[in-house]
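Report on one structure; see the data block that follows.
A quick note: this is a predicted structure, and the numbers were derived from the prediction, not measured.
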Amino acid sequence: MRKVILILIIAVFALAIAVTSSLSYYDSRSREALVGTAMRELRPHATVKEMAAFMEKYTVRSYLDRKYHHEYGGFIPQTRLDRLLLNRKLQIVLRVDDHDTFIGADARVFYTGL
């Protein structure tokens, strides 16, 4: 009986590690792909108009924060898998300078179903 319980405990821990590792890999690949897309489609020092066109093409809602963070952020439409994965949300963030021109990109992943 103890062997069965020990095997079950080991299996649960192995499954937890496998799931978290898989999610981490999936998140990393998603971020890399999204940042790569932004860097390919937006030239250095792109204007707000060009960034707005990018956001309109790829996001469901976006906002330019000129006051606090100098970021233009937007959320990518969720896939069915994203909704199953604890309501996973992927955000693209375009960093802007004081003149509101593009200087870089980042991506963030949020799990809101916890």
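- Applying the ring pair (Phe, Tyr, Trp, His ring centres under 6.0 Å) criterion to F102, with sequence neighbours excluded, gives no partner residue.
- Residues passing the side chain to side chain contact (heavy atoms under 4.5 Å, CB included) test with T37 are R40, E41, F54, Y58, sequence neighbours excluded.
- Within the model, atoms CG of L85 and CD of Q78 stand 10.0 Å from one another, a figure rounded to the nearest 0.5 Å.
- For T20 (side chain) and I17 (main-chain N/O), a donor-acceptor pair under 3.5 Å exists by modelled atom type.
- Following chains of ILVMFWY side-chain contacts shorter than 4.5 Å, one can reach Y111 starting from L90, so the two form part of one hydrophobic cluster.
- In this structure, CG in L23 is found 10.5 Å from OG in S30, a value given to the nearest 0.5 Å.
- With sequence neighbours excluded, the residues forming a side chain to side chain donor-acceptor pair (under 3.5 Å) with E50 are R43, T47, listed by chain and number.
- Applying the side chain to side chain donor-acceptor pair (under 3.5 Å) rule to H69 yields the partners D65; only residues at least two apart in sequence or on another chain are considered.
- Hydrophobic clustering, defined by side-chain heavy atoms of Ile, Leu, Val, Met, Phe, Trp and Tyr closer than 4.5 Å, groups I10 together with L6.
- Hydrophobic cluster of V4: the remaining members, joined at side-chain heavy-atom separations below 4.5 Å, are L8, listed by chain and number.
- Annotation: salt bridge (charged side-chain N to carboxylate O under 4.0 Å, His left out) contacts of D100 (sequence neighbours excluded): R66.
- Screening residues 7-33 for ring pair (Phe, Tyr, Trp, His ring centres under 6.0 Å) gives no qualifying pairs among residues at least two apart or on separate chains.
- Tracing side-chain contacts under 4.5 Å through hydrophobic residues (I, L, V, M, F, W, Y), one never reaches L34 starting from Y63; they form parts of separate clusters.
- Open room surrounds CD on E56; 12 or fewer heavy atoms of other groups in view lie less than 6.0 Å from it.
- In terms of hydrophobic clustering, with Ile, Leu, Val, Met, Phe, Trp and Tyr side chains grouped at heavy-atom distances under 4.5 Å, I103 and V35 are assigned to different clusters.
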Item to complete: Might you work through the side chain to side chain contact (heavy atoms under 4.5 Å, CB included) test for T101 and V96, ending with a clear yes or no?
Response: CA-CA 5 Å; T101 61; V96 297; over 6 Å; no
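- Looking only at atom types and distance, the side chain of Q91 has no donor-acceptor partner in the side chain of D106 under 3.5 Å away.
- Partners of T79 according to the side chain to side chain donor-acceptor pair (under 3.5 Å) rule, which considers only residues two or more places apart in sequence or in another chain, are D82.
- Take T59 and apply the side chain to side chain contact (heavy atoms under 4.5 Å, CB included) test, not counting sequence neighbours, and it matches M55, S62, I76, I92.
- Remark: R108 pairs with E71 by the side chain to side chain donor-acceptor pair (under 3.5 Å) rule, at least two apart or across chains.
- Panel note: side chain R95, backbone A105; a donor-acceptor pair is recorded below 3.5 Å.
- Under the salt bridge (Lys or Arg N to Asp or Glu O under 4.0 Å) criterion, the residue pairs touching residues 13-30 are D27-R88, with sequence neighbours excluded.
- Linking Ile, Leu, Val, Met, Phe, Trp and Tyr residues whenever their side-chain heavy atoms come within less than 4.5 Å leaves V93 and F110 in two separate clusters.
- Atom CE of M1 and atom CD1 of I5 lie 4.5 Å apart (nearest 0.5 Å).
- Placement of L42 and V48 within a single hydrophobic cluster is found when ILVMFWY residues are connected by side-chain heavy-atom separations under 4.5 Å, directly or transitively.
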